[in-house]
Amino acid sequence: MNRTHTNGELTAANAGQKVVLLGWVARRRNLGSLVFIDLRDRTGITQCVFGETVNQLVKDVRNEYILEITGTVELRKDPNVKMPTGQIEVKAESIVIVNTAELTPMMIQDDTDALEDTRLKYRYLDLRRPIMQDRLIKRAAIVKTMRNYLDDHGFIDIETPMLTKSTPEGSREYLVPSRVHAGEFYALAQSPQIFKQMLMIAGLERYYQIARCFRDEDLRADRQLDFTQVDIEASFLSEAEFQLIIEKMVVKVMKEVIGRDQKLDFLKLPFADAMNRFGSDKPDIRYGLELTDVTDIFTETEFAVFANALALPDGSLKALVVADGAHFTRKETDALTEVAKKNGTKGLVVLKLTDGKLEGGAVKFFSETQQEALISRLNAQNHSLILVTADRWESACNALGAVRTALRDKLQLVSKDDFAFLWVVDFPLLEYNYEDERFYARHHPFTRPKEEQLHLLDTDPGKVLASAYDLVLNGFEVAGGSLRIYDQKVQEKMFEIIGFTHQQIRERFGFFVDAFKYGTPPHGGIAFGLDRFAMVLTASDSIRDVIAFPKNASARCPLTEAPAKVDQKQLDELHIAIVK
RNA sequence: GGUCCAGUGGUGUAGUGGUUAACAUGCCUCCCUGUCACGGAGGAGAUCGCGAGUUCGAUCCUCGUCUGGACCGCCA
């Protein structure tokens with residue numbers, strides 16, 4: 001077997017050359033004494049034609065057989081402009097059936113109609129589809145570009161353990177029983193966070209890692225159990241300096257992988273503005289439909305929905321106008337209400353503006369002044385649809401933000417190959433949980449409070465902003481990071497605020513807290529969700545489309561049938577008993 | 001843990017309280033020298049996810065169960 005060319009590279013320039021091609025049979029067209037075979041490999045498809053050379057072997061060929069075809073490159077009489085190799089064909093002189101194939105359970109073509117379940121069960125066939133290969137190739141290009149960039153900028157690729165210590169708080173972990181130490185467990189790393197910070201304490205200054213992370217949480221279209229982070233950390237950099245380094249890397253990825261000229265100086269949107277304007281901490285800014293605060297218009301109201309909301313601490317009213325949306329049917333607005341309900345609020349107030357008058361069930365509770373104020377505040381035009389949420393500030397924003405996203409999809413306001421990056425910055429350091437009546441770290445407990453707000457930690461911790469930043473692309477958080485606490489006293493204060501006792505700190509993070517005593521540099525970092533980043537950049541609908549062998553939504557691998565039961569012998573060795 | 005949706009030839013769908021279970025594609029056979037999603041003729045292929053119930057009769061209705069998908073909770 002001496003392959004001379006791949007199936008994607010032959011052009012008119014090769015005309016007259018004798019070639020040997022290898023590949024899978026993508027399709028055949030049998031016209032009797034004239035047979036066309038489309039031969040496919042990773043690089044593309046070449047049409048091979050058999051005329052007087054048609055024999056029984058050629059007729060026996062089936063889809064997905066692997067063939068070796070020897071022939072001569074010829075210009076086509078009528079070229080196929082849809083194919084990159086459409087200018088030529090290979091006039092076949094001989095054929096070798098390298099391997100046969102059974103009928104495949106799914107068709108090997110880009111627009112396969114197989115359900116994902118089938119695709120995952122026969123993933124090796126699914127991955128034969130050119131569109132899937134493209135995605136994996138692009139993903140590899142993203143990683144390569146980031147690696148090259150980071151290498152060139154003094155970042156050192158260092159591996160950290162996957163088997164590590166369980167540190168409750170944060171996501172649920174996968175536990176791995178120790179055979180050597182009966183009854184003790186490792187945890188699979190949910191992120192290299194603590195290790196990369198210790199690398200900064202160690203003085204490595206700039207680190208990165210293409211790191212596998214494991215989280216035992218329920219899956220989603222953009223979440224996997226084991227996923228890949230491009231994990232980065234650096235010392236002695238300000239927030240702005242670090243963000244610029246990351247932006248330049250992203251610009252390089254966009255140029256080299258997608259072929260786009262992405263401008264530097266990404267928009268930096270404070271968290272509060274993101275919520276107020278877009279109802280999301282990861283807004284898609286490719287389209288308008290921004291939210292407007294109308295709380296002050298209804299401070300005095302008979303309308304129970306508004307009054308109840310305003311009675312809550314930081315109760316807010318958020319409104320959104322859909323120009324020309326008055327034609328929405330009851331069914332359509334009900335669907336939007338469902339979206340709001342699913343996303344943390346009790347309902348959605350639906351109003352329409354027709355002939356200069358507000359319509360809708362709630363209008364009878366509004367005074368003339370309130371109606372006028374609402375229309376003018378929203379700058380609402382005739383025939384528009386007005387949607388209002390009323391709840392605690394964050395809930396009202398989130399719910400209406402979800403409605404905004406639903407409208408984006410319904411009205412098809414964006415294109416999948418349009419990309420808009422921004423930073424969301426100035427996140428609150430802490431999040432108050434009204435049920436547990438305590439603060440939680442919004443990002444993680446090592447996140448550095450804004451320097452100028454340190455004094456608020458004692459008096460009003462809920463107000464303190466963090467040096468935390470998320471990189472957002474088209475409504476997806478593709479990376480998240482922060483500057484870290486490097487002052488031991490601040491770290492202790494932080495643990496105290498989120499309710500850790502000294503004993504808990506010792507047990508969970510003792511080794512980490514100890515490390516801080518010996519000269520910790522100011523440092524910070526970021527972690528890219530590589531799978532999610534690749535998903536958005538390849539315009540895929542699911543994270544599973546950019547992972548070669550993913551788990552399905554119920555955390556199983558249909559191909560290998562993991563997870564599975566194991567032998568009693570294995571369990572005994574690990575000192576594990578199945579109770580039920 | 002919860003809500004919603006789906007399960008019917010290999011694949012993807014339609015459909016009905018009594019049917020020869022339909023369509024597309026794939027597959028098989030035959031015809032075809034310029035196709036490229038080739039075309040034409042014919043053919044095979046389905047215990048309608050599983051279990052129970054209602055009924056004279058269930059693929060269809062009810063309950064349960066399993067599997068898959070989207071989302072909420074969860075993901076420091």
Side-chain angles (χ1 to χ4, degrees), chain A residues 26-38 45-54 59 62-64 74 76-83 85-86 89 91 102-122 125-126 167-173 190-191 193-194 213-225 227 335 338-345 398-399 402 405-406 427 429-431 433 435 439-447 466 468 477 480 482 494-495 498 500 508-509 527 529 532 541-542 544 552-556 558:
Chain A
R27 222 176 218 104
R28 75 227 120 87
R29 292 174 291 281
N30 185 343
L31 281 68
S33 49
L34 185 69
V35 176
F36 296 97
I37 290 178
D38 287 345
I45 288 177
T46 297
Q47 171 169 286
C48 302
V49 58
F50 293 79
E52 53 272 22
T53 47
V54 170
K59 288 180 181 291
R62 292 294 178 264
N63 283 345
E64 301 310 318
E74 293 189 346
R76 290 208 209 175
K77 290 186 201 93
D78 35 24
N80 183 343
V81 292
K82 286 183 277 184
M83 289 174 74
T85 61
E89 64 189 355
K91 190 169 167 55
E102 285 187 21
L103 177 61
T104 54
M106 56 181 284
M107 280 173 272
I108 313 299
Q109 57 193 38
D110 283 353
D111 52 347
T112 187
D113 52 11
L115 293 180
E116 193 175 34
D117 199 28
T118 310
R119 291 174 47 203
L120 290 181
K121 186 166 180 187
Y122 301 96
L125 296 179
D126 191 36
T167 52
E169 274 282 307
S171 86
R172 195 178 295 125
E173 296 167 315
Q190 41 174 304
S191 121
Q193 183 64 35
I194 287 176
C213 304
F214 306 86
R215 293 183 188 172
D216 185 8
E217 298 292 348
D218 285 356
L219 294 86
R220 288 285 190 281
D222 66 347
R223 267 198 247 156
Q224 276 281 304
L225 304 178
F227 61 99
E338 275 311 303
V339 171
K341 281 186 181 171
K342 257 191 161 179
N343 286 277
T345 193
N398 274 328
T405 305
F427 282 92
L429 182 69
L430 300 155
E431 198 167 18
N433 184 305
E435 279 168 31
F439 283 106
Y440 283 87
R442 187 161 191 123
H443 189 47
H444 55 55
F446 317 114
T447 305
E477 179 197 329
S482 64
M494 184 71 183
F495 281 137
I498 59 178
F500 283 12
R508 294 175 189 185
F509 304 111
R532 203 177 282 170
D541 290 322
S542 163
R544 286 166 239 141
N552 67 15
S554 41
R556 285 186 180 281

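Letters A, B, ... mirror the listed sequences (proteins, then strands); counts begin at 1.
Across all strands shown, B/G12 forms a Watson-Crick or G-U wobble pair, both distances under 3.5 Å, with B/C23. The pairing partner recorded for B/A37 is none, the criterion being a Watson-Crick or G-U wobble arrangement whose two distances lie under 3.5 angstrom. Of all nucleotides present, only B/A6 satisfies the Watson-Crick or G-U wobble test against B/U67, with each distance under 3.5 Å. For B/C75, there is no paired nucleotide, since no Watson-Crick or G-U wobble pair has both relevant distances below 3.5 Å. The partner of B/A52 is B/U62, by the rule that a Watson-Crick or G-U pair needs both atom distances under 3.5 Å.
Atoms NZ (A/K341) and C1' (B/G73) sit 18 Å apart, rounded to a whole Å. What separates CG of A/D38 from P of B/C36 is a distance of 11 Å, to the nearest Å. Taking atom CE of A/M106 as the reference point, atom P of B/G10 lies 16 Å away to the nearest angstrom. One atom, CG of A/L225, and another, C1' of B/C74, lie 13 Å apart when rounded to the nearest Å. Taking atom CG of residue A/D216 and atom P of nucleotide B/C74, one finds them 16 Å apart after rounding to whole Å. As rounded to whole Å, 18 Å separates atom P of B/C4 from atom CG of A/D218. A/L120 has its CG atom 15 Å from the C1' atom of B/U11, to the nearest Å. Rounded to whole Å, the distance from CZ on A/R172 to C1' on B/G1 is 10 Å.
The backbone N or O of A/E477 sits less than 3.5 Å from a side-chain atom of A/R532, completing a donor-acceptor pair.
Between the C1' atoms of B/U16 and B/G57, the separation comes to 14 Å (whole Å). Spacing of C1' atoms, B/U20 relative to B/G51, comes out at 29 Å, to the nearest Å. Taking atom P on both B/C66 and B/C27, the two are 38 Å apart, rounded to the nearest angstrom. Taking the P atom of each, B/U19 and B/C4 are spaced 34 Å apart, rounded to whole Å. Rounded to whole Å, the C1' atom of B/U29 lies 40 Å from the corresponding atom of B/G17. Of the P atoms belonging to B/C71 and B/C30, the separation is 49 Å, rounded to the nearest Å. Nucleotides B/U54 and B/C61 have their C1' atoms positioned 8 Å apart, rounded to a whole Å. For the C1' atom pair drawn from B/U3 and B/G73, the interatomic distance equals 11 Å after rounding to whole Å.
Atom CD of A/Q190 is separated from atom CZ of A/R172 by 11.5 Å, given to the nearest 0.5 angstrom. Summarising the geometry, atom CZ belonging to A/F214 is positioned 9.5 Å from atom CZ belonging to A/F227; distances are rounded to the nearest 0.5 Å.
Position along RNA chain B of the nearest nucleotide to A/S542 versus A/E74 favours A/E74 as the more 5'-ward residue. Residues A/R28 and A/A114 each lie close to RNA chain B; by heavy-atom proximity, the contact nearer the 5' end of the strand is made by A/A114.
The base of B/C36 sits with one of its N or O atoms less than 3.5 Å from a complementary donor or acceptor on the side chain of A/R76. The base of B/G26 lies outside donor-acceptor range of the side chain of A/Q109, with no N or O pair under 3.5 Å. Under 3.5 Å, the side chain of A/R223 and the base of B/C74 form at least one donor-acceptor pair of N or O atoms. Residue A/R544 places no side-chain atom within donor-acceptor reach of the base of B/G68, judged by atom type and a 3.5 Å distance cut-off alone. On a pure distance criterion of 3.5 Å, no polar donor-acceptor pair joins the side chain of A/R215 and the base of B/C75. Between the side chain of A/N63 and the base of B/G26, no donor-acceptor pair under 3.5 Å is found.
Under the 4.0 Å criterion applied to side-chain N and carboxylate O atoms, A/E89 and A/K77 are not assigned as salt-bridge partners.
A/S554 comes within contact range of the sugar-phosphate backbone alone, with a heavy-atom separation under 4.0 Å but no base atom that close. As judged by a 4.0 angstrom heavy-atom cut-off over every strand, A/E89 is placed among the base-contacting residues. Among the protein residues, A/P445 comes within range of the nucleic acid bases, having at least one heavy atom under 4.0 Å from a base atom. Within 4.0 Å (heavy atoms only), A/E338 reaches no atom of the nucleic acid at all. Residue contacts for A/R556: at a heavy-atom cut-off of 4.0 Å it reaches the sugar-phosphate backbone alone, with no base atom in range. Nucleic acid contact class of A/I498 (heavy atoms, under 4.0 Å, all strands): none. Backbone-only engagement by A/N552 is indicated by non-hydrogen atom pairs under 4.0 Å involving sugar-phosphate atoms exclusively.
For B/C75, neither phosphate oxygen OP1 nor OP2 lies less than 4.0 angstrom from any side-chain nitrogen or oxygen of A/R442. For B/U35, neither phosphate oxygen OP1 nor OP2 lies less than 4.0 angstrom from any side-chain nitrogen or oxygen of A/R29. One finds a side-chain N or O of A/T118 lying less than 4.0 angstrom from the OP1 or OP2 phosphate oxygen of B/G12. Distances shown here put every side-chain N or O of A/T104 at or beyond 4.0 Å from the OP1 or OP2 atom of B/U11. Contact check, A/R27 against B/U35: no side-chain N or O comes under 4.0 Å of OP1 or OP2.
The side chain of A/M83 has B/C36 as its nearest neighbour among B/C72, B/C28, B/C36. For A/P105, the side-chain atoms get nearest to B/G10 when compared with the rest of B/C27, B/G10, B/U33. The listed nucleotides are B/C72, B/C74, B/U35; the one nearest the side chain of A/E217 is B/C74. When distances run from any side-chain atom of A/L31 to the nucleotides B/C28, B/G68, B/U33, the shortest one goes to B/U33. Each of B/G26, B/A37, B/G34 was ranked by its minimum atom distance to the side chain of A/M107; first place goes to B/G26.
The aromatic rings of A/F509 and A/F500 lie parallel to each other, their planes meeting at an angle below 30°, with 60° marking the opposite boundary.
Between A/A468 and A/S482, the shortest heavy-atom contact is CA-CB, 3.8 Å.
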Could you walk me through whether A/Q47 and A/R76 pass the side chain to side chain contact (heavy atoms under 4.5 Å, CB included) check? CA-CA 10 Å; A/Q47 171 169 286; A/R76 290 208 209 175; 3.5 Å; yes
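Residues A/E217 and A/S171 have side chains that never bring a donor and an acceptor to within less than 3.5 angstrom of each other.
Paired with A/D38 under the rule salt bridge (Lys or Arg N to Asp or Glu O under 4.0 Å), one option of A/R29, A/R27, A/R28 passes, and it is A/R29.
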